[in-house]
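To start, the structure under review is shown below, and the notes come after it.
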Amino acid sequence: MSSVRPWRDIERRKSRQIMVGDVPVGGDAPITVQTMTNTPTEDAVATIDQIRRCEDAGADIIRVSVPTVEASAAFAKITRAARVPIVADIHFHYKRALEAADAGAACLRINPGNIGSDQRVAEVVRAAKANGCAIRIGVNAGSLEKDLLEKYGEPCPEALIESALDHIKLLQDHDFHDYKVAVKASDVFLAVAAYHGLADAVDCPLHLGITEAGGLIGGTVKSSIGIGSLLWAGIGDTIRVSLSAEPEQEVKVGYEILKSLGLRTRGVRVVSCPSCSRQGFDVIRTVETLEKRLEHIKTPMSLSVLGCVVNGPGEARETDIGITGGGQGKHMVYLSGVTDHHVQSDDMLDHIVKLVEEKAARIEAGEATAFDPHAAEAEAAE
């Protein structure tokens with residue numbers, strides 16, 4: 001059956017599925033959103049508090065560093081308190097991996113080649129198997145092996161891919177296959193090329209990210225270009241947006257990337273204009289306020305906020321709830337794409353929040369569905 005709008009279709013790369021705790025990654029599972037805590041892991045209370053904020057923002061999986069014996073002790077408390085699977089971030093000390101596996105890690109983030117002898121790799125694999133842990137191989141352009149840098153002269157797609165394949169072989173030699181792989185770089189071109197090459201070479205799930213992407217604005221732009229282009233090409237099973245910002249912000253940006261491509265839906269998708277002198281109300285401040293006041297809504301639905309009647313009616317016809325600016329402080333409200341009533345400027349914010357909350361409640365109760373302006377066309381095509 002052909003799609004009604006084939007130019008919107010994304011054909012995902014076929015990967016085998018693994019489990020990270022109770023969350024499936026790869027195959028036909030939804031693309032998951034990850035982040036990483038930045039509190040000292042030894043401070044279990046602070047780390048759990050941050051995990052709660054990330055969970056509330058929608059994180060599917062959260063990574064926690066385990067660099068010390070004290071961190072391992074706190075890690076057990078953290079995994080028990082978390083509502084989502086916790087990945088233990090391990091770099092050089094294999095004993096931390098063993099401790100984390102025993103302490104409830106759903107996944108170990110390691111590079112097998114960095115933790116020492118084949119015997120140590122075997123011990124980590126045994127611990128992972130015994131505890132039902134997945135493993136995430138994390139190749140990074142900033143920490144490539146010396147021999148690969150000497151071979152290729154600089155970080156390049158071929159070097160990242162070869163590093164990944166070398167690490168994969170170490171796990172496969174021990175009959176371990178519950179792994180996913182990342183080949184990250186801060187250079188968007190390098191990362192994207194490496195992921196394309198790796199996607200052709202392996203069938204395991206791929207963890208996407210543009211590492212050291214930058215601050216909230218710059219990092220969001222780089223991540224959206226890099227991660228977004230890969231997802232658009234069908235590559236990627238789980239993502240982490242790396243920002244010099246609080247981890248909750250990483251989660252929000254990750255979801256916005258997925259929402260923009262129609263790959264995940266969560267919360268209110270806002271369509272809004274950039275504002276201009278035609279606006280009938282302060283669009284910028286209105287959108288800022290509405291996004292803040294509607295953060296608690298998890299139900300997928302859409303809201304359009306347009307300052308004037310040039311594009312306003314057209315956009316409002318595509319959303320659950322819409323507001324279009326009018327004259328004399330009187331604005332048009334649209335419900336499920338149809339003009340319904342007017343609202344005055346002073347009442348507008350409270351009114352829109354109330355409408356969104358009420359529709360979200362009806363959707364959750366099974367009394368309504370999110371508005372799909374193309375539902376009739378889709379049915380006709382079936």
Any donor-acceptor pair under 3.5 Å from Asn111 side chain to Asn114 backbone: no
For Tyr334, which fellow cluster members are found when Ile, Leu, Val, Met, Phe, Trp and Tyr are connected by side-chain heavy-atom distances below 4.5 angstrom, either directly or through intermediates? Met332
SB check Glu256 Lys259 (cutoff 4.0 Å): yes
Can I get a per-line list of side-chain donor-acceptor pairs under 3.5 Å for residues 319-326, giving both atom names and the distance, sequence neighbours left out?
unit_1	atom_1	unit_2	atom_2	d
Thr319	OG1	Ser304	OG	2.9
Thr319	OG1	Ala316	O	3.3
Thr319	OG1	Ile321	O	3.2
Asp320	OD1	Lys359	NZ	2.9
Asp320	OD1	Phe371	N	2.6
Asp320	OD2	Ser302	N	2.9
Asp320	OD2	Ser302	OG	3.0

Is a side-chain donor-acceptor pair under 3.5 Å present for Glu145 with His167? yes
Are Asp60 and Arg264 close enough for a salt bridge, meaning some N to O gap below 4.0 Å? yes
Residues 235-244, side-chain donor-acceptor partners within the protein, below 3.5 Å, at least two apart:
unit_1	atom_1	unit_2	atom_2	d
Asp237	OD1	Arg12	NH2	3.2
Asp237	OD1	Ser15	OG	3.1
Asp237	OD2	Leu206	N	2.9
Thr238	OG1	Thr32	O	3.3
Thr238	OG1	Thr32	OG1	2.6
Thr238	OG1	Gln34	NE2	2.8
Arg240	NE	Glu250	OE1	3.0
Arg240	NH2	Glu250	OE1	3.3
Arg240	NH2	Glu250	OE2	3.2

Under 3.5 Å, side chain of Arg63 to main-chain N/O of Cys107, donor-acceptor pair present? no
Would you find more than 12 non-hydrogen atoms of other residues, nucleotides or ligands less than 6.0 Å from Glu367 atom CD? yes
Side-chain contact, heavy-atom cut-off 4.5 Å: Glu357 with Ile297? yes
Say you draw a straight line from CG of Leu290 to CG of Leu349; how long is it, rounded to the nearest 0.5 Å? 5.5 Å
Is it true that Asp9 and Arg5 have a side-chain N and a carboxylate O under 4.0 angstrom from each other? no
Would you find a donor on one side and an acceptor on the other, under 3.5 Å apart, between the side chain of Thr47 and the backbone of Glu42? no
Give a yes or no on whether the backbone of Cys133 and the side-chain of Asn131 come within a donor-acceptor separation of less than 3.5 Å. no
If a pair satisfies ring pair (Phe, Tyr, Trp, His ring centres under 6.0 Å) and one of its residues is in residues 273-305, list it, with sequence neighbours excluded. Phe281-His331
For Asp147, which residues count as a salt bridge (charged side-chain N to carboxylate O under 4.0 Å, His left out) partner, sequence neighbours excluded? none
For the CG atom of Leu231 and the CG atom of Leu208, what is their distance to the nearest 0.5 Å? 5.5 Å
Less than 4.5 Å apart, side chain to side chain, heavy atoms only: is that true for Leu165 and Lys169? no
Do Ser163 side-chain atoms and Ala159 backbone N/O form a donor-acceptor pair below 3.5 Å? no
Those residues at least two apart in sequence (or on a different chain) that pass salt bridge (charged side-chain N to carboxylate O under 4.0 Å, His left out) with Glu248 are Arg53
Side chains of Thr37 and Gln50 only: does a donor on one sit below 3.5 Å from an acceptor on the other? no
Output the rest of the hydrophobic cluster of Val69: all Ile, Leu, Val, Met, Phe, Trp and Tyr residues reachable through side-chain heavy-atom contacts under 4.5 Å, sorted by chain and number. none
Reported OG1-to-CG distance for the pair Thr289 and Leu294, which is rounded to 0.5 angstrom: 10.0 Å
Cys204 and His177, any side-chain heavy atoms less than 4.5 Å apart: no
Report, one line per pair, each donor and acceptor closer than 3.5 Å where one atom sits in a side chain of residues 219-230; sequence neighbours left out.
unit_1	atom_1	unit_2	atom_2	d
Thr220	OG1	Leu216	O	2.4
Lys222	NZ	Ser186	O	2.7
Ser223	OG	Gly219	O	2.8
Ser224	OG	Thr220	O	2.7
Ser229	OG	Ile225	O	3.0
Ser229	OG	Gly226	O	3.0

Tell me, with the steps shown, if Ile137 and Ile168 meet side chain to side chain contact (heavy atoms under 4.5 Å, CB included). CA-CA 8 Å; Ile137 295 169; Ile168 287 171; 3.7 Å; yes
When Ile, Leu, Val, Met, Phe, Trp and Tyr are grouped by side-chain heavy atoms lying under 4.5 Å apart, directly or through other members, which residues fall in the same group as Val87? Ile18, Val20, Val23, Val25, Ile61
Shared hydrophobic cluster for Leu306 and Met348 (ILVMFWY, side-chain gaps under 4.5 Å): no
Steps toward side chain to side chain contact (heavy atoms under 4.5 Å, CB included) verdict (Val202, Val181): CA-CA 10 Å; Val202 299; Val181 185; 5.8 Å; no
How many angstroms lie between OG in Ser65 and CZ in Arg109, if you round to the nearest 0.5 Å? 9.5 Å
Would Tyr255 and Val287 show up in the same hydrophobic cluster when neighbours are defined by side-chain heavy atoms closer than 4.5 Å? no
Ion pair check, Glu364 and Lys298, cut-off under 4.0 Å: no
Do Glu162 and Tyr152 have side-chain heavy atoms sitting under 4.5 Å apart? yes
Side chain to side chain, Pro300 and Arg269, heavy atoms closer than 4.5 Å: no
Can you tell if the side chain of Leu190 reaches within under 4.5 Å of the side chain of Pro157, non-hydrogen atoms only? yes
Salt-bridged, Glu99 to Lys95, with N to O below 4.0 Å? no
Which atom pairs, donor and acceptor, lie under 3.5 Å between side-chain atoms of residues 120-130 and protein residues at least two apart or in another chain?
unit_1	atom_1	unit_2	atom_2	d
Lys129	NZ	His174	O	3.1
Lys129	NZ	Asp175	O	3.2

Salt bridge (charged side-chain N to carboxylate O under 4.0 Å, His left out) filter on Asp350, not counting sequence neighbours, yields Arg293
Given side chains that start at C-beta, do those of His93 and Thr68 come closer than 4.5 Å, heavy atoms only? no
Are Ile257 and Val268 connected into the same hydrophobic cluster when the rule is that any two of I, L, V, M, F, W, Y join if their side-chain heavy atoms are below 4.5 Å apart? no
Thinking salt bridges, do Asp56 and Arg83 make one under a 4.0 Å N-O criterion? yes
Run the side chain to side chain contact (heavy atoms under 4.5 Å, CB included) check on Ile51 and Val64 step by step: do they pass? CA-CA 9 Å; Ile51 286 172; Val64 175; 4.3 Å; yes
Checking side chain to side chain contact (heavy atoms under 4.5 Å, CB included) for the pair Phe75/Ile86: CA distance, chi angles, key distance, verdict? CA-CA 9 Å; Phe75 188 76; Ile86 300 296; 3.6 Å; yes
Evaluate the side-chain proximity of Arg52 to Glu55: yes if any heavy-atom separation is below 4.5 Å, no if none is. yes
Between the CD1 atom in Ile90 and the CG atom in Leu98, the distance rounded to the nearest 0.5 Å is 9.0 Å
Would you check if the side chain of Tyr195 reaches a backbone N or O of His207 as a donor-acceptor pair within less than 3.5 Å? yes
Test salt bridge (charged side-chain N to carboxylate O under 4.0 Å, His left out) applied to Arg317 - qualifying residues, sequence neighbours left out: none
